[in-house]
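Counting starts at 1 for both ligands and their atoms, following the listed order.
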Amino acid sequence: MLISKIQMEDNLKLLQKQIEESCTSCSRSSSEITLIWVSKFHPIELVEQAYALGARDFGENRVQEAIEKFTTKQEGMRLHVIGPVQSNKLKKAVQVADSIHSVHSLKTLERLNLFAKEASKVLDVFIQVNTSEEDTKSGVSMDSIHEFLNEMPELENLNYKGLMTIGKNTGNPEDSRKGFAFLRKLRDEFYNSKTHFKNFSDLSMGMTDDLKVAIEEGSTILRVGTALFGNRN
Ligand SMILES: *Cc1c(COP(=O)(O)O)cnc(C)c1O
């Protein structure tokens, strides 16, 4: 059963209230925060329903699914690839995506740049950091992220937007706080530190279960699936 438009609207209202309250509690403005609707595993009908409710930023984990659902985009739609991309899918990812949140190798940056040039576009890029230090998660390790950021080359067709991380999956959102704070410090350190970091201001962190902590720690981009679309099958 797909969730109805009314149910989705209720979910959105509840989520917006939660975001407002979290912002108020730490004296932030919710206008600083972009909401990505993570539509993975949900059919195109629900994407259209979300669009009708005002959703413009969508997140997908897998390139193939992104292509199926977002090759033709409605006006103003932006597609964010938020999951790890296999090297043989990079080209397709660049073609469909406006932004990739899961980059964690320098070689990938060079290749993304080439594909972006081929596609005549400038691709927004986030560097994923493995702040949870769980082996199952991808991302640059906390130990090597400084070196990584120092080595990132200036590339014509890439726009470095900021950092991304996934919180710890322990059931307690407080366990993610340290990792989120680490990401914010890193952003503060590198934002504007070089010409190609002049837009490096975004923090893509916070999902359904840990968005309050993420907002308190400075998130500017929330990636929310379950709270909007309901459970995934
Ligand atoms: C699935 C996914 C999300 C959304 O998770 P929810 O808990 O459903 O909000 C966010 N970020 C990434 C990287 C994901 O894979």
Please identify which atoms of ligand 1 are closer than 4.0 Å to at least one heavy atom of [X].
X	answer
Val224	9 (O)
Asn61	14 (C), 15 (O)
Gly225	4 (C), 6 (P), 8 (O), 9 (O)

Exercise for the section: Identify whether NZ of Lys or CZ of Arg in Arg78 sits under 6.0 Å from the centre of the six-membered ring of Phe58 and within 45° of that ring's axis. Expected result: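 No, Arg78 does not sit over the ring of Phe58.
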
Under 4.0 Å between a side-chain nitrogen and a carboxylate oxygen: does that hold for [X] and [Y]?
X	Y	answer
Glu156	Lys117	yes
Lys73	Asp98	yes
Glu9	Lys5	no

Exercise for the section: Among Ile, Leu, Val, Met, Phe, Trp and Tyr joined by side-chain contacts under 4.5 Å, find the other residues sharing a cluster with Met164 and list them by chain and number. Expected result: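 Ile36, Val38, Ile82, Phe126, Ile166, Met207, Ile221, all in the cluster of Met164.
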
Problem - ligand 1-proximal atoms of Thr226, by part, heavy-atom distance under 4.0 Å - result: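 Answer for Thr226: both.
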
Problem - ligand 1 versus Arg232: contacting region, heavy-atom distance under 4.0 Å - result: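 Side chain only; the backbone of Arg232 stays clear of ligand 1.
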
Practice task
List for me each residue that meets side-chain contact (heavy atoms from CB on, under 4.5 Å) alongside Arg177, sequence neighbours excluded, and say none if there are none.
Solution key: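 Once residues adjacent in sequence are excluded, the partners of Arg177 under the side-chain contact (heavy atoms from CB on, under 4.5 Å) criterion are Glu174, Val213, Glu216, Glu217.
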
Practice task
From the options Ile36, Asn169, Thr208, select the one whose nearest heavy atom is closest to atom 9 (O) of ligand 1.
Solution key: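 The residue whose heavy atom sits nearest atom 9 (O) of ligand 1 is Thr208.
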
Exercise for the section: Check each of Gln128, Lys40, Arg223, Glu60 against atom 14 (C) of ligand 1 and report the one with the nearest heavy atom. Expected result: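 Considering heavy atoms of Gln128, Lys40, Arg223, Glu60, the nearest to atom 14 (C) of ligand 1 sits in Lys40.
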
Exercise for the section: Quick one: look up the protein heavy atom nearest atom 10 (C) of ligand 1 and list residue, atom name and how far away it is. Expected result: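 The answer is Met207 SD, 3.4 Å.
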
Handout entry: atom 13 (C) of ligand 1 [closest protein heavy-atom partner, distance rounded to 0.1 Å]
Key =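 Its nearest protein heavy-atom neighbour is Ile82 O, 3.6 Å.
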
Handout entry: Interatomic distance, Ser219 atom OG to Glu32 atom CD [nearest 0.5 angstrom]
Key =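 The OG atom of Ser219 sits 10.0 Å away from the CD atom of Glu32.
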
